[in-house]
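The structure appears right after this line, and notes come after that.
Note on naming: letters A, B, ... go to the chains in the order of the sequence lines (proteins, then strands), and numbering restarts at 1 for each one.
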Number of protein chains: 2
Amino acid sequence: MSLRHILLGILQQPKSGYDIKKMFDQVFNNFWGAELSQIYPQLRKLTDANMLTVQEEPSDKGPNKKIYHTTPAGKEELVQWLLSGPVTNTEKLAYLAQTYFLGSLDNNQQRLEFLEDLLEHLKIWHQTLLDVQQDMRQHFPDYPHGLPDEEFYPNLTLMLGVKKVGAKVEWAQESIELLKARM
Amino acid sequence: MSLRHILLGILQQPKSGYDIKKMFDQVFNNFWGAELSQIYPQLRKLTDANMLTVQEEPSDKGPNKKIYHTTPAGKEELVQWLLSGPVTNTEKLAYLAQTYFLGSLDNNQQRLEFLEDLLEHLKIWHQTLLDVQQDMRQHFPDYPHGLPDEEFYPNLTLMLGVKKVGAKVEWAQESIELLKARM
DNA sequence: CTTGACTATGTAATTATTTACATAGTAAAC
DNA sequence: GTTTACTATGTAAATAATTACATAGTCAAG
């Protein structure tokens with residue numbers, strides 16, 4: 001049940017459900033995702049549990065925003081989650097399972113197409129991450145250890161994001177070469 | 001609903017539910033996991049859908065095994081899944097979300113402990129992957145492009161596994177250095 | 001003046017996943 | 001001889017997550 005805690009983390013800085021969704025899509029895309037249909041009910045649960053308070057605000061566009069703030073109880077819940085140690089769930093990357101079974105396609109052209117599709121997807125994903133990091137670098141051009149807390153820890157996850165996606169793009173490229181060498 | 005297709009993939013070589021579980025834990029640990037309580041009901045569904053057939057066999061230890069085999073319909077279902085293109089679900093790594101919010105702990109020692117715990121976990125995980133790969137290399141010492149299909153594609157996923165976990169271990173190590181520089 | 005893109009919040013139904021429980025045989029160590 | 005570790009199969013209950021649906025306001029382009 002990590003979503004609950006992630007929402008508390010995000011809401012250290014007050015936001016609406018819709019804002020939170022944008023955060024998942026842009027900043028967290030490398031390690032977490034959630035739909036609005038998950039976010040809204042969870043925000044309600046947390047509010048009922050007195051971990052969040054709501055405050056309505058007019059929006060620039062569209063209907064009123066409901067801005068959620070963390071209560072001290074909410075902050076304490078977040079801290080306890082962090083103190084409980086790293087939560088290490090099993091990764092689920094269906095495309096790697098597909099790659100594993102690619103031998104079940106008897107047409108080599110189809111196998112190549114699969115890997116090329118994958119490479120393209122991974123490159124697009126990489127681009128989003130790089131954009132986010134460049135944005136952050138514009139605001140804070142220092143070496144990372146000089147950043148203030150609110151930027152240092154997010155920056156750590158971006159560092160891994162770039163490494164991880166880099167490894168995947170490299171791998172997909174190499175796999176395509178290997179596959180071509182087999183044709 | 002990927003588990004269904006992953007089971008069909010695994011059962012290109014007949015196995016029992018228990019054998020499948022070991023496969024997830026050992027070979028697939030880098031990209032998929034499933035509990036026995038997910039595997040058994042799913043095997044039943046696939047059998048009811050005529051995608052699998054069962055055959056009982058005595059076990060070396062414990063009660064009889066139920067060996068599952070794929071039917072032509074099952075094979076076709078698997079091929080269609082592969083032809084539908086890469087399935088790219090969003091990653092969910094709670095420990096990276098925790099890292100992102102680590103600034104909410106005001107004790108720097110606790111933050112360091114968190115990252116050290118994580119590094120230890122990632123190293124252990126890496127070791128499992130390397131063990132599996134060394135095992136595979138013993139059987140097939142060739143360059144990967146010379147491997148037969150049944151080994152070539154699984155080997156591709158291992159190649160990424162090693163890269164990925166390598167990147168994570170590197171990152172955790174670097175993060176600890178950066179954190180120490182901040183203390 | 002209407003369509004499309006985007007902001008904004010939510011519910012309902014279905015599916016998937018996890019956790020806990022329940023059973024039972026083998027085989028070696030103590 | 002009994003505890004521990006492992007093999008082997010499953011069910012039940014609770015949670016979590018996805019997908020589809022439903023509503024409504026703003027604003028710009030055509």
Distance check needed: [N] [atom2] versus [X] [atom1], whole Å only.
{"X": "Lys21(A)", "N": "dA17(D)", "atom1": "NZ", "atom2": "C1'", "result": "12 Å"}
{"X": "Ile39(A)", "N": "dT7(C)", "atom1": "CD1", "atom2": "P", "result": "14 Å"}
{"X": "Asn64(A)", "N": "dT26(D)", "atom1": "CG", "atom2": "P", "result": "10 Å"}
{"X": "Met23(B)", "N": "dT7(D)", "atom1": "CE", "atom2": "P", "result": "16 Å"}
{"X": "Lys65(B)", "N": "dT9(D)", "atom1": "NZ", "atom2": "P", "result": "7 Å"}
{"X": "Asn89(B)", "N": "dT18(D)", "atom1": "CG", "atom2": "C1'", "result": "12 Å"}
{"X": "Glu91(B)", "N": "dA17(D)", "atom1": "CD", "atom2": "P", "result": "16 Å"}
{"X": "Asp19(A)", "N": "dG10(C)", "atom1": "CG", "atom2": "P", "result": "13 Å"}

inquiry  = Counting only side-chain heavy atoms from C-beta out, which of dA17(D), dA8(C), dT17(C) sits nearest to Lys92(B)?
reply    =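 Within the option list, the nearest is dA17(D).
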Answer yes or no: does a side-chain N or O of [X] lie under 4.0 Å from OP1 or OP2 of [N]?
{"X": "Tyr18(A)", "N": "dT7(C)", "value": "yes"}
{"X": "Ser59(B)", "N": "dA8(D)", "value": "yes"}
{"X": "Lys66(A)", "N": "dG10(C)", "value": "yes"}

Could you check whether the rings of [X] and [Y] sit parallel, tilted or perpendicular, using 30° and 60° as the cut-offs?
{"X": "Tyr100(A)", "Y": "Phe31(B)", "result": "tilted"}
{"X": "Trp125(B)", "Y": "His121(B)", "result": "tilted"}
{"X": "His5(A)", "Y": "Trp81(A)", "result": "parallel"}

ask   = Which residues in residues 28-38 of chain A have at least one heavy atom lying under 4.0 Å from any atom of DNA chain C?
value =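 Within this stretch, Leu36(A), Ser37(A) sit under 4.0 Å of the strand.
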ask   = Using a heavy-atom distance cut-off of less than 4.0 Å, which residues of residues 40-55 of chain B contact DNA chain D?
value =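 Hits under 4.0 Å, by residue number: Tyr40(B), Arg44(B).
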Tell me if a side-chain donor or acceptor on [X] pairs with a main-chain N or O of [Y] at a distance below 3.5 Å.
{"X": "Thr70(A)", "Y": "Leu11(A)", "value": "yes"}
{"X": "Gln12(B)", "Y": "Leu8(B)", "value": "yes"}
{"X": "Thr47(A)", "Y": "Thr53(A)", "value": "no"}
{"X": "Glu56(B)", "Y": "Ile67(B)", "value": "no"}
{"X": "Thr71(A)", "Y": "Asn50(A)", "value": "yes"}
{"X": "Lys164(B)", "Y": "Asn30(B)", "value": "yes"}
{"X": "Gln42(B)", "Y": "Leu7(B)", "value": "no"}

key: End axis versus end axis in the helix from dC1(C)-dG30(D) to dC30(C)-dG1(D), the angle rounded to 10°, five pairs used at each terminus   =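 For the helix from dC1(C)-dG30(D) to dC30(C)-dG1(D), the axes at opposite ends meet at about 20°.
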Glu116(A)/Lys123(A) salt bridge by N-O under 4.0 Å criterion =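 Salt bridge flag = no for Glu116(A) with Lys123(A).
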ask   = Does the distance from a Lys or Arg side-chain N to an Asp or Glu carboxylate O, for Lys21(B) and Glu35(B), drop under 4.0 Å?
value =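 Between Glu35(B) and Lys21(B) there is a salt bridge, with a charged N closer than 4.0 Å to a carboxylate O.
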request  = Quick one: which residue pairs count as a salt bridge (Lys or Arg N to Asp or Glu O under 4.0 Å) with a foot in residues 60-87 of chain B, not counting sequence neighbours?
outcome  =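 Checked against salt bridge (Lys or Arg N to Asp or Glu O under 4.0 Å) - neighbours excluded - the pairs reaching residues 60-87 of chain B are Arg4(B)-Glu77(B), Asp19(B)-Lys65(B).
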request  = Tell me what Phe24(B) touches on the nucleic acid: a base, only sugar-phosphate, or nothing, going by heavy atoms under 4.0 Å.
outcome  =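 Touches nothing.
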task = Only pairs at least two apart or in different chains count here, so list each side-chain hydrogen bond (donor to acceptor under 3.5 Å, both in side chains) that has a residue in residues 173-183 of chain A.
result =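 Listed once each, the pairs are Trp171(A)-Ser175(A), Glu174(A)-Lys163(B), Arg182(A)-Asp149(B).
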Pairwise N/O distances under 3.5 Å, protein to nucleotides 22-30 of chain C:
residue, atom, partner, partner atom, Å
dT26(C), O4', Gly62(B), N, 3.3

